[in-house]
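Just so we're on the same page: letters track the sequence lines, and every chain starts at 1.
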Number of protein chains: 2
Amino acid sequence: VTMIPSRAPLLEALEAYRARKVASFHVPGHKAGMSYSSAPEAAWLGTVGAYDATELPGLDDLHAPNGPIAQAQALASDCYGADQSYFLIGGSTVGNLAAIHAAAARGDMIIMQRNVHKSAIHALMLSGIGAVFVTPEKHSETQRLNGVSAASVEEALERYPEAKAVFLTNPNYYGMTMPLERIAQAAHVRGIPLIVDEAHGAHFGFHRRFPMSALQSGADVVIQSTHKMLSAMTMGAMLHVKGTRMDRGLLELYLRMLQSSSPSYPILASIDWARREVHTKGEALFGAALTAIDHMEQALADHPRFALYRTHDPLKPLLYDRTDALSGFTLLEALAEIGIYAEMADERFVVCACSSATTLADIDNLLQALDVIFNRFPDEKKEIRHNFSNTNLLQSPSLSKPVYVRSRTDLAASEVDVESAAGAYSAEMVIPYPPGIPLLYPGEPITEEAVDALLRLREEGARVQGVMDRTLRTIRVWREPF
Amino acid sequence: VTMIPSRAPLLEALEAYRARKVASFHVPGHKAGMSYSSAPEAAWLGTVGAYDATELPGLDDLHAPNGPIAQAQALASDCYGADQSYFLIGGSTVGNLAAIHAAAARGDMIIMQRNVHKSAIHALMLSGIGAVFVTPEKHSETQRLNGVSAASVEEALERYPEAKAVFLTNPNYYGMTMPLERIAQAAHVRGIPLIVDEAHGAHFGFHRRFPMSALQSGADVVIQSTHKMLSAMTMGAMLHVKGTRMDRGLLELYLRMLQSSSPSYPILASIDWARREVHTKGEALFGAALTAIDHMEQALADHPRFALYRTHDPLKPLLYDRTDALSGFTLLEALAEIGIYAEMADERFVVCACSSATTLADIDNLLQALDVIFNRFPDEKKEIRHNFSNTNLLQSPSLSKPVYVRSRTDLAASEVDVESAAGAYSAEMVIPYPPGIPLLYPGEPITEEAVDALLRLREEGARVQGVMDRTLRTIRVWREPF
């Protein structure tokens with residue numbers, strides 16, 4: 001079974017289990033979905049319940065696999081070009097937590113892109129590992145923050161040779177990417193692994209129009225939300241390892257510790273399914289969806305109001321109002337009222353997360369909805385206040401000092417005037433919005449530059465999240481490091 | 001909605017979402033299950049896929065609930081008599097991890113029953129919190145290790161007044177319980193919370209024949225696997241808080257950090273369903289199942305070979321061979337070959353995990369299977385070697401010294417003769433089997449008593465797991481504490 005892409009060992013084992021089961025005296029208590037038969041509104045739970053099994057003979061054990069789970073993971077490694085793949089049932093969240101825990105020890109330090117998913121920050125908080133944060137670059141056409149430059153990572157590695165790993169997020173939520181190859185090379189020169197949170201890029205590398213995948217670019221550890229851009233059930237994800245720079249024994253230890261001891265078989269089987277789909281169909285899987293999105297782009301080419309911006313990921317078109325009459329937020333809400341649910345919005349853009357399952361009918365529905373909205377909001381009065389100057393706050397300095405992000409804020413913090421905060425450690429997460437990227441993390445040393453940035457934010461009347469005093473007259477600080 | 005037990009706010013919200021959705025431009029990528037329509041063997045994934053949503057308008061946010069998830073959790077609090085209930089999508093595992101992280105800080109210490117689920121030990125390893133382990137008592141009739149005595153917890157609290165919490169597991173895997181009320185009182189006298197891993201007891205307190213629940217007994221924090229003995233999908237669990245001895249802000253912080261940022265709505269909805277079922281039906285939910293199990297007990301009353309032992313939990317009958325001809329292990333395997341899957345086995349017993357969904361048909365299938373097995377294994381040649389004397393190793397001393405369980409075994413350990421190990425710190429988990437309860441945890445100071453126990457194990461030729469040298473001539477140790 002192991003190396004036949006068209007097989008789905010775990011999905012097949014689950015079906016075989018269902019067929020041969022006579023009676024269940026094991027958990028779960030719903031007994032193969034029987035519990036749900038008492039009410040019609042739960043019929044769908046009954047259907048999946050028949051497959052909601054546990055570690056029974058023939059069904060292997062996620063935490064010590066040597067049967068169909070091991071086979072399914074081996075097929076995933078083959079599909080992605082990894083040396084070892086792990087199925088995750090706690091989303092990319094648990095992959096990020098485990099990878100960071102395994103990459104370094106308490107008191108060690110890693111190089112981390114500042115605009116990472118919160119799970120990467122949580123990993124620092126839980127593990128006591130420190131980070132030097134690298135400021136992301138701005139994408140010139142959209143003014144959104146993207147990845148970091150290879151030069152800034154190289155500078156970080158130069159200044160902090162004790163760093164144990166480099167952690168990046170690629171692509172960002174908008175489908176923008178950074179070139180990873182030079183960064184991977186720089187990490188490897190130091191003998192440390194490049195870990196990439198590729199949560200939104202599980203499909204990368206499977207179509208000529210998609211960006212290269214992190215594994216193809218030389219990353220050592222890659223975490224992917226198989227449920228986001230491919231077809232696994234929510235919380236189904238994968239972690240891939242290539243090479244020996246990551247200690248797999250430690251990684252497996254942390255995955256065992258951080259994941260449920262009763263993993264969901266439906267989610268696991270859906271990962272197997274998603275792998276089979278992309279493994280066997282390759283480019284053909286995405287053809288119809290790409291054609292449909294291209295069609296939408298053309299249909300809107302001469303539209304007086306709405307347009308699509310295509311980022312590096314052609315499955316993540318950004319919808320926007322050319323006249324700036326409607327903000328992304330308003331557009332998202334207006335679409336939702338019509339039953340069209342998009343992924344997220346900012347002041348300008350609505351992010352449309354498409355996938356291989358996106359159809360021409362979906363696109364037509366979206367186009368029709370835009371007509372309805374056009375008629376509802378005909379005028380072009382601008383409602384957007386662009387405030388992107390704040391992103392410049394992050395451009396200098398490009399590297400933070402080492403930060404040990406604190407988790408227990410019950411430690412006594414004091415409130416000081418922002419003007420006199422330099423030299424102390426921030427007890428708050430200071431998040432100017434937009435762009436929503438923390439200027440300071442809890443535990444971060446407050447530099448003179450950070451004080452200047454805070455004063456400018458105050459002067460501009462910027463919106464700031466995470467702080468007690470939203471007028472930015474004062475900030476809560478600790479006098480001592482972690 | 002909030003206080004009407006017959007409502008299931010989240011299940012209803014999910015159905016409403018499915019009905020009003022026109023097109024999806026959000027994750028998950030399977031687009032309401034559309035991806036699974038390409039192959040008949042994945043039809044069941046398509047059915048549940050229609051409900052595998054994400055944080056969309058009307059569907060609330062598990063990590064900051066104020067809609068149907070908040071309402072569903074409030075109904076759960078009402079049902080269980082908690083002040084606050086949290087739905088978990090990472091099983092009791094994540095509840096144990098979060099509760100222990102929130103109960104104390106690195107370097108602090110808690111009182112913990114020695115035979116806890118591995119997730120409780122993992123919480124110590126991840127958090128750097130120490131534990132004084134309390135030796136469990138032996139259940140006299142079955143010789144299985146059960147809970148701890150109130151007296152030994154009181155002794156621990158007396159000797160370690162700096163302890164921040166008491167952590168217990170109740171019931172054990174066999175459905176045996178300990179009296180919790182006096183232990184709760186002893187903890188409360190010290191002003192610290194009693195945390196109970198009630199993974200196997202989500203049904204407790206809902207029928208006069210069931211033991212009292214941990215919340216009813218005065219526990220402050222209770223973690224339940226709603227999927228094990230009630231009818232949630234696997235990984236669906238709850239954490240209940242009563243009173244103010246647990247800092248809920250910290251608890252919520254750790255739940256946010258340790259759980260997926262993309263929680264599974266099918267699992268969440270199934271927790272809501274399971275709560276509604278037990279909330280509205282109460283005792284009536286379990287009547288038929290209890291009658292069926294009682295029938296089995298009677299049917300086997302005069303059986304020459306097989307019998308049921310009923311523990312404190314009447315839904316956990318232990319099946320065994322009166323003649324000891326078949327071990328529990330063999331019996332479990334023989335049943336599985338017939339398609340009857342039991343929960344687990346030891347040298348003597350097969351644990352049958354029943355639930356409200358257990359039917360007379362299930363019981364009849366089991367009885368028929370026992371007839372088949374009886375005919376296949378007619379002779380009474382004993383195959384069991386009882387080795388329960390090992391459990392006595394744990395009876396003295398009843399309390400460990402404070403142990404800081406280590407997670408990173410990459411720290412240099414040295415191998416020493418067991419005879420000269422006293423005074424060092426174990427670098428291995430030493431698990432005599434049976435009973436499978438660690439005699440030493442990694443990081444535990446090795447006392448003279450522990451050396452004596454190891455020498456006795458060696459002499460008896462006991463099976464020992466977790467150690468490098470299974471002959472117990474040597475043991476790996478650290479010279480320095482954590």
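Here OG of B:S38 is found 8.5 Å from CG of A:L285. Values are rounded to the nearest 0.5 Å. Between B:S356 atom OG and A:M34 atom CE the span is 10.0 Å, to the nearest 0.5 Å. Taking CG of B:D52 as the reference point, atom OG of A:S270 lies at 8.0 Å (rounded to 0.5 Å). A distance of 11.5 Å separates CG of B:N365 from OG of A:S24, quoted to the nearest 0.5 Å.
Using a 4.5 Å heavy-atom cutoff, the side chains of B:L59 and A:Y341 are not in contact. Annotation: side chain of A:K31 is not in contact with side chain of B:S231 (no heavy-atom distance under 4.5 Å). Counting heavy atoms from C-beta on, the side chains of A:H26 and B:C352 never come closer than 4.5 Å. No side-chain heavy atom of B:L258 sits under 4.5 Å from any side-chain heavy atom of A:T93. Here the side chains of A:M257 and B:S119 are not in contact, with every heavy-atom distance at 4.5 Å or above. Contact annotation: the side chain of B:K228 never approaches that of A:P28 to less than 4.5 Å [non-hydrogen atoms, C-beta and beyond]. Side-chain contact check for A:I363 versus B:F25: some heavy-atom pair is nearer than 4.5 Å. The side-chain heavy atoms of B:L45 and A:Y51, taken from C-beta on, include no pair separated by under 4.5 Å.
Of the two parts of B:I338, only the backbone, made up of N, CA, C and O, holds a non-hydrogen atom closer than 4.5 Å to a non-hydrogen atom of chain A. Contact of B:A53 with chain A is made through the backbone alone, with heavy-atom distances under 4.5 Å. Heavy atoms of B:Q259 lying under 4.5 Å from chain A belong exclusively to its backbone. Using a 4.5 Å cut-off between heavy atoms, B:L11 touches chain A through its side chain atoms alone. No part of B:V94 comes within reach of chain A, as not one of its non-hydrogen atoms sits under 4.5 angstrom from that chain. For B:L319, no part lies near chain A; criterion is any non-hydrogen pair under 4.5 Å. Looking at B:A369, neither its backbone nor its side chain comes within 4.5 Å of chain A, counting heavy atoms on both sides. Of the two parts of B:L230, only the backbone, made up of N, CA, C and O, holds a non-hydrogen atom closer than 4.5 Å to a non-hydrogen atom of chain A. Heavy atoms of B:K281 lying under 4.5 Å from chain A belong exclusively to its side chain. Of the two parts of B:H117, only the side chain, counted from C-beta on, holds a non-hydrogen atom closer than 4.5 Å to a non-hydrogen atom of chain A. With a threshold of 4.5 angstrom between heavy atoms, B:V351 approaches chain A through N, CA, C or O but not through any side-chain atom.
Nearest heavy atoms, B:A342 versus A:L56: O-CD2, 4.3 Å. Nearest heavy atom pair, residue A:S261 against residue B:K118, reads CB-CE, 3.8 Å. The nearest pair of heavy atoms linking B:M235 to A:I267 is CE-CD1, 4.1 Å.
In this view, B:Y36 and A:W273, B:H30 satisfy the ring pair (Phe, Tyr, Trp, His ring centres under 6.0 Å) rule, not counting sequence neighbours. Judged as a side-chain contact (heavy atoms from CB on, under 4.5 Å), and not counting sequence neighbours, the contacts of A:I121 are A:M112, A:V116, A:L124, A:M125, A:F133, A:V405, A:Y441.
Listed for the A:T47 side chain is no donor-acceptor partner under 3.5 Å among the backbone atoms of B:T47. A:S264 places no side-chain N or O within donor-acceptor distance of the main-chain N or O of B:T234, the cut-off being under 3.5 Å.
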Between A:E41 and B:R276, is the salt bridge (charged side-chain N to carboxylate O under 4.0 Å, His left out) condition met? List the steps. CA-CA 13 Å; A:E41 70 264 40; B:R276 182 174 81 171; 2.8 Å; yes
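Among the candidates A:A269, A:P266, A:A336, A:G91, the residue making the largest number of heavy-atom pairs closer than 4.5 Å to chain B is A:P266.
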